[in-house]
Student: 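Okay, handing you the structure first.
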Amino acid sequence: MYRYDEFDAAFVQERTAQFTDQVMRRVRGEINEDQFRPLRLMNGLYLQLHAYMFRIAIPYGTLRSKQLRKLAFLARAYDRGYGHFTTRTNIQFNWPRLSDVPKMIEHLNEVEMHSIQTSGNCIRNISTDQFAGAAADEIIDPRPMAEILRQWSSLHPEFSYLPRKFKFAMTGSANDRAAIKFHDIGMKAVTNPAGEIGWEIWVGGGLGRTPMIAKMIRGYVEHENLLAYLESILRVYNRYGRRDNKWKARIKILVHETGIDKLRDEVEAEYAQMKGGVLTLPQAELDRISAYFAEPPFELVNATQIDVVKEKAADAPYGEWLERNIHSHKHPGYVSVTISLKPIGGAPGDCTAEQMEAVAELGERYSFDEIRVTHEQNLVLPHVRIADLRTVYDRLVEAGLASGNAGLITDMITCPGLDFCSLANARSIPIAQAISHKFAAPERQREIGNLKIKISGCINACGHHHVGHIGILGVEKKGTELYQITVGGDATEAAALGDTLGHGFVADEVPAAIERLVEAYIARRETADEPFIEVYRRVGDAPFKEALYGNA
Amino acid sequence: MSTNLAFDVPESAPRRALQIVALNGLFDEMDAEGVLRHAVSEVLREDVAIVSSFGADSAVLLHLVSLIDRRLPVYFLETGKHFPETLTYVETLTRHLGLANVRWLRPDPKDVTRFDPRGELWESDPDSCCHIRKTEPLDAEIANFGGWVTGRKRYQTAERGVLPHFELTSDDRIKVNPLAYFSDADVNAYKRAHGLPEHPLFAKGYRSIGCAPCTTVVAEGEDPRAGRWRGLNKKECGIHFDFNGAIAKPVAAVEKTLFKDGKFIADPFRAWAEGDDPAAVRYTHIPLEMFVANRAAVLGNPHPNGLLIRAGDAIEEVAADLGRFASVAVEFPKFSDGRGYTTARLASERYHYAGELRAVGDVLMDQITLMRRCGITAFVVVHPATRKALETGTLVTVNRYYQPIGSAEVPVGTRPFLRKAPETV
Ligand code: SF4
Ligand code: SF4
């Protein structure tokens with residue numbers, strides 16, 4: 001894992017001093033809220049419904065145990081004993097006091113963490129595959145390049161006041177677990193005909209009120225030219241992205257209005273000037289950063305088969321957890337473990353201080369001191385020996401973190417919604433909780449199989465509802481909260497946006513409506529293994545429409 | 001070599017510039033007489049004038065003139081604002097040196113009646129005062145010559161540290177500075193050696209003497225010209241065209257809004273105003289679209305000017321002409337509008353613009369480091385807290401940089417690749 005050197009430490013220290021100064025100036029009234037807003041936003045501080053919300057960066061979703069313990073400390077000392085993991089793999093605290101924030105930042109400094117660029121119209125935390133460096137199916141570990149991009153984008157003087165926020169996602173695997181086609185820039189590692197590895201670049205994806213699937217802008221960029229190419233895109237966006245309308249300011253609108261071909265030409269013209277210049281990444285630097293991400297000292301153990309059927313027979317919850325929450329590892333004898341933050345009836349992504357400490361402990365002892373955060377708001381222990389699984393599981397049970405529901409209907413993405421967010425039209429957490437209760441029975445969840453539900457409290461789509469197999473969007477109509485249901489979205493390499501099938505439902509009706517969709521799916525699947533999304537693709541939306549609204 | 005310096009052949013400008021530069025190697029540093037003789041007899045034969053302020057050390061140059069050719073035209077700007085001692089001194093020197101062609105230039109009485117009926121314009125608007133009393137009268141005369149001789153010296157102000165013997169001005173004329181390498185001591189020694197009469201005010205502590213209202217006594221050890229336009233961002237009088245005579249404001253009335261080289265100074269430039277003439281404005285930031293629409297007129301305008309690039313303007317349209325401007329203003333309409341950063345980088349990095357690159361608009365302390373890194377060297381600041389932070393040097397910023405910006409910031413191939421720490425900032 002990446003560790004700060006003196007330079008990084010001093011950089012963050014200076015930034016802390018600067019932000020503390022800004023907070024104090026605000027407290028003294030030397031700057032007004034309008035002037036303070038972009039400054040605090042650039043340091044992850046939002047003004048929410050009830051209080052300030054403080055968001056801390058977890059670069060490419062990777063944490064060390066010490067860092068997670070510090071987050072637990074912050075949760076206890078400055079919040080209400082818990083934190084909330086977000087879809088950008090960051091963590092946010094919902095109840096800090098403004099005057100405490102500089103102290104919180106000091107604490108973060110101690111463990112090489114910060115809140116820089118977790119909001120504001122700048123380049124945000126770069127997200128990647130939660131199984132990076134572990135997954136059997138990746139061709140390259142994307143984290144070294146993600147770290148290089150993190151450094152390149154930190155307080156970039158040209159790109160600190162972009163038209164709008166800017167998000168990168170990267171994957172080193174053909175199986176896209178990072179939703180790269182729904183980011184401003186998505187990058188996928190690919191192999192060129194000469195057998196070298198480089199990056200395929202996608203641009204202009206995003207959700208929000210105008211959801212769009214990214215378009216490919218370049219099929220291959222070498223490592224050494226990647227910064228020059230990305231800087232070219234950012235420069236074109238900084239100059240030509242719309243600034244007249246906040247809702248049209250993301251790069252997806254520029255791509256849409258300019259057309260990908262023309263935009264590509266503009267980027268290429270800029271790239272022709274930049275390529276080979278100061279941004280050329282020396283191999284030595286890539287090697288230097290890669291060394292931080294060297295494989296941990298795995299033991300040489302023989303591949304072990306996990307006999308789920310046998311384990312289930314012996315201990316059903318354990319067997320089911322094994323079945324759902326384990327991901328295959330590139331190294332024999334190891335697996336990656338998903339720790340679900342979606343207990344039945346819980347608020348998705350919430351994690352108490354005690355739970356954080358329990359996971360930190362497990363990470364330290366059983367996963368080479370590494371923990372990951374997923375964009376689906378779960379945690380991951382990336383490198384666990386198969387031999388240790390039972391011990392890990394037992395500890396998770398003690399911590400209340402052993403839900404064996406990864407990828408199932410109760411493993412929902414949910415935004416904070418009206419309970420916290422000042423932009424919300426409707427509550428989203430209570431909806432998630434109601435659905436979770438409805439499908440609480442493990443047998444029922446297993447019968448349904450892979451199904452992703454994603455819930456947003458408003459059109460800003462922080463809950464990624466457009467790409468849920470079933471998406472739920474809170475809207476407000478004549479003073480009541482209504483929920484629009486979409487079907488058929490997909491965040492993976494088979495990217496698709498869900499379709500709205502009809503009018504919205506009041507909150508109480510939502511769980512039953514979901515139940516009807518599920519029934520329609522089960523009735524039409526050809527085998528028990530055919531997932532919801534594939535049935536939807538095969539049969540189209542008519543049966544689902546009928547399930548929701550009857551044969552009108 | 002007679003010179004008919006025309007504006008309509010800009011292609012030849014680089015060649016002329018080279019020829020002029022070459023002249024600078026021909027003379028010993030202290031060979032003022034050789035320089036002046038060559039200028040008068042070779043470079044600018046029958047085509048040169050002397051402009052003299054008849055100030056404290058004007059006698060040296062005028063003595064040289066008397067040695068070479070007493071009939072050379074010597075202009076004296078009788079602004080109507082001089083110390084009586086100065087006027088007496090003009091007559092004293094003229095007689096003493098036998099100068100045969102001293103021409104007194106007076107402001108147009110119509111201008112004075114119209115713009116300065118009470119004689120107080122210097123106080124409220126020295127811009128205009130200098131304009132009607134110096135620039136206007138002299139411009140008309142100077143237009144008849146291919147060049148002129150000045151008494152400027154390198155040591156006099158920081159800006160003159162690189163003054164050569166021969167210069168080509170932006171309007172393609174030749175300026176000759178025979179005394180460029182003379183020090184204060186050299187001047188005094190020369191005056192003594194040749195028994196030249198002293199300006200009557202010299203004994204009273206005046207060192208650089210201009211119009212009475214705009215001249216103060218120079219303190220011991222202070223730059224001699226510090227007494228002129230004291231406190232203003234005005235080092236050159238308009239008559240040298242290095243500086244807009246029509247700009248300085250009196251000390252009391254002036255607002256020092258331009259932060260440059262570590263301090264706030266009065267801004268020599270003004271904003272473009274409705275109805276301005278692109279061919280005639282001076283020290284004005286001409287908006288890009290105005291320049292594009294009036295390119296020939298602006299390029300033919302002999303005065304120093306600036307260019308205003310607004311957010312959204314395409315700098316590439318004017319890339320080839322940037323060098324013509326003494327200042328380029330990059331507008332930040334709101335601090336949250338970051339287009340200016342790209343504009344600034346393109347100007348300095350891609351188009352190698354080396355003049356003053358200034359930020360105008362919503363310029364706040366939290367963005368200044370970013371602007372500097374993008375190549376901006378001057379800031380027009382009105383926000384009080386920002387002014388205070390800059391004045392007191394208490395700007396709190398991050399001085400470690402991860403990414404190479406600019407051609408100079410991080411040499412290619414140095415390690416670690418992306419970083420720059422303050423020791424080398
Ligand atoms: S989707 Fe809307 S309600 Fe939910 S967090 Fe985002 S802005 Fe708030
Ligand atoms: S130097 Fe002073 S008095 Fe003389 S013209 Fe200029 S402003 Fe007026």
Side-chain angles (χ1 to χ4, degrees), chain A residues 5-8 10-22 25 28 30-31 34-35 37-39 42 116 120-122 148 150-163 227 231 234-236 238-241 243 273-274 276-282 284-286 288-289, chain B residues 311-315 332-346 349-350 362 364-367 369-376 383-386 388-389 394-422:
Chain A
D5 59 15
E6 275 177 12
F7 182 95
D8 301 299
F11 173 88
V12 173
Q13 195 65 54
E14 284 183 349
R15 177 56 160 192
T16 303
Q18 184 188 39
F19 185 50
T20 304
D21 173 69
Q22 290 161 347
R25 277 192 277 137
R28 288 197 299 265
E30 286 175 17
I31 50 178
D34 266 2
Q35 290 160 341
R37 187 188 305 119
L39 305 175
M42 235 171 284
I116 300 168
N121 292 336
C122 52
I148 287 168
R150 182 191 73 80
Q151 296 190 16
W152 161 76
S153 63
S154 288
L155 303 193
H156 194 299
E158 186 177 349
F159 306 133
S160 286
Y161 294 93
L162 294 168
L227 291 176
E231 187 142 311
L234 265 296
R235 177 169 284 180
V236 168
N238 190 41
R239 299 186 74 186
Y240 306 119
R243 290 175 187 265
Q273 300 264 1
M274 282 210 225
V278 286
L279 284 169
T280 306
L281 180 64
E285 177 68 4
L286 186 54
R288 187 178 77 86
I289 299 289
Chain B
D313 282 350
I315 186 178
F332 292 82
K334 284 183 297 190
F335 69 85
S336 54
D337 186 333
R339 284 176 284 186
Y341 297 106
T342 298
T343 302
R345 286 192 70 188
L346 289 172
E349 295 170 35
R350 185 159 301 163
D362 200 8
L364 301 174
M365 59 206 289
D366 302 289
Q367 287 82 44
T369 308
L370 305 177
M371 291 173 178
R372 281 195 174 126
R373 292 191 62 200
C374 289
I376 288 172
H383 181 246
T386 302
K388 194 171 136 206
T394 50
L395 203 62
V396 183
T397 69
V398 179
N399 294 313
R400 279 173 175 74
Y401 312 146
Y402 273 114
Q403 51 296 98
I405 298 296
S407 5
E409 226 175 55
V410 171
V412 188
T414 54
R415 298 276 318 284
F417 160 68
L418 292 165
R419 298 159 171 211
K420 194 167 162 69

Student: Any sub-3.5 Å donor-acceptor pair from N238(A)'s side-chain atoms to G338(B)'s backbone N or O?
Tutor: yes

Student: I want to check something: taking the side chain as every heavy atom from C-beta on, are R350(B) and M274(A) in contact at a cut-off of under 4.5 Å?
Tutor: yes

Student: Considering non-hydrogen atoms only, spot the tightest contact between W152(A) and Q403(B) and give its length.
Tutor: O-NE2, 2.7 Å

Student: E231(A) versus chain B, heavy atoms under 4.5 Å apart: side chain, backbone, both or neither?
Tutor: side chain

Student: Which of parallel (below 30°), tilted (30 to 60°) and perpendicular (above 60°) describes F335(B) and Y161(A)?
Tutor: perpendicular

Student: Which bit of T20(A) comes within less than 4.5 Å of chain B, counting heavy atoms only: side chain, backbone, both or neither?
Tutor: neither

Student: Answer with side chain, backbone, both or neither: which region of D21(A) has an atom nearer than 4.5 Å to a non-hydrogen atom of chain B?
Tutor: side chain

Student: With only heavy atoms counted, which part of M371(B) is less than 4.5 Å from chain A, the side chain, the backbone, both or neither?
Tutor: neither

Student: Over all heavy atoms of both residues, which pair between R400(B) and F7(A) is shortest? Give the atoms and the distance, please.
Tutor: CB-CZ, 3.6 Å

Student: Contact part of R28(A) toward chain B, heavy-atom cut-off under 4.5 Å: side chain, backbone, both or neither?
Tutor: neither

Student: Let me know if D337(B) has heavy atoms under 4.5 Å from chain A in its side chain, its backbone, both or neither.
Tutor: both

Student: Please report the closest heavy-atom contact between L370(B) and S160(A), naming both atoms and the distance.
Tutor: CD1-CB, 3.8 Å

Student: With rounding to the nearest 0.5 angstrom, report the NE2 to CZ distance, H156(A) to R373(B).
Tutor: 8.0 Å

Student: Pick one of side chain, backbone, both or neither for R15(A), based on which atoms fall under 4.5 Å of a heavy atom in chain B.
Tutor: both

Student: Taking it one step at a time, do R235(A) and R345(B) satisfy side-chain contact (heavy atoms from CB on, under 4.5 Å)?
Tutor: CA-CA 10 Å; R235(A) 177 169 284 180; R345(B) 286 192 70 188; 3.6 Å; yes

Student: Heavy-atom cut-off 4.5 Å, strictly under: side chain, backbone, both or neither for S154(A) against chain B?
Tutor: both

Student: Can you tell me which of L395(B), D362(B), T369(B), D366(B) forms the most heavy-atom pairs within a distance under 4.5 Å of chain A?
Tutor: D366(B)

